[in-house]
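Residues take their numbers from the sequence shown, with the count starting at 1.
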Amino acid sequence: MALSENAATSSSSEARQRRSRRRPAPRVFIALEDSEFAEEFTWAGNAVDINGDGVAMALPPEVEEGSEVLLTFTLEGADFGRLPATVVRQDRDFGVGALEFGEWPERERLALLSYLLER
């Protein structure tokens with residue numbers, strides 16, 4: 001591998017680590033809507049941690065990996081309503097899963113990033 005390839009690989013790896021650094025999210029309650037599972041299925045669970053890319057949270061076993069869902073939550077006065085996300089991991093043994101945010105309004109993404117930087 002050439003030197004420039006090493007530098008590019010190192011830079012993208014560092015960026016990925018910064019981007020994926022998660023912050024604990026105690027006392028954050030998230031409502032999840034999953035129209036793929038059942039008509040108007042809604043689940044509410046506690047967040048485990050959160051970052052600019054997604055959230056780990058309590059999930060019911062019925063929600064499958066790959067499900068497209070909508071998340072609603074509040075972080076210290078900033079409301080986030082019906083943000084699209086995809087379930088990327090579901091751990092039924094522990095009742096938690098990982099969700100990756102989809103496309104959502106820039107204003108709300110900036111509010112989340114601002115919250116994360118203050119922590």
Do NZ/NE/NH1/NH2 and the carboxylate oxygens of Arg92 and Glu62 come within less than 4.0 Å?
no
For Leu59, run the side chain to side chain contact (heavy atoms under 4.5 Å, CB included) check against Leu32, Val96, Ile30 and tell me which one passes.
Leu32
Checking the side chain of Gln90 only, and the main-chain atoms of Val63 only, is there a donor and an acceptor separated by less than 3.5 Å?
yes
Only one of Glu100, Glu68, Glu65 forms a side chain to side chain donor-acceptor pair (under 3.5 Å) with Thr86, so which one is it?
Glu68
Measure the shortest side-chain to side-chain distance between Asp53 and Phe101 over non-hydrogen atoms and say whether it is less than 4.5 angstrom.
no
Are Leu112 and Val28 linked, directly or through intermediate hydrophobic residues, by side-chain heavy-atom contacts shorter than 4.5 Å (ILVMFWY only)?
yes
Would you say the side-chain atoms of Trp43 pair up with the backbone N or O of Ala58, donor to acceptor, closer than 3.5 Å?
yes
Donor-acceptor pair, side chain of Thr74 and main chain of Asp79, under 3.5 angstrom:
no
For the residue pair Phe80 and Leu71, establish whether any side-chain heavy-atom pair is separated by less than 4.5 Å.
no
Just verifying a value: how many Å separate Phe73 CZ and Ile50 CD1, rounded to the nearest 0.5 Å?
4.0 Å
About how many Å separate CG of Leu83 and CG of Leu99, when rounded to the nearest 0.5 Å?
11.5 Å
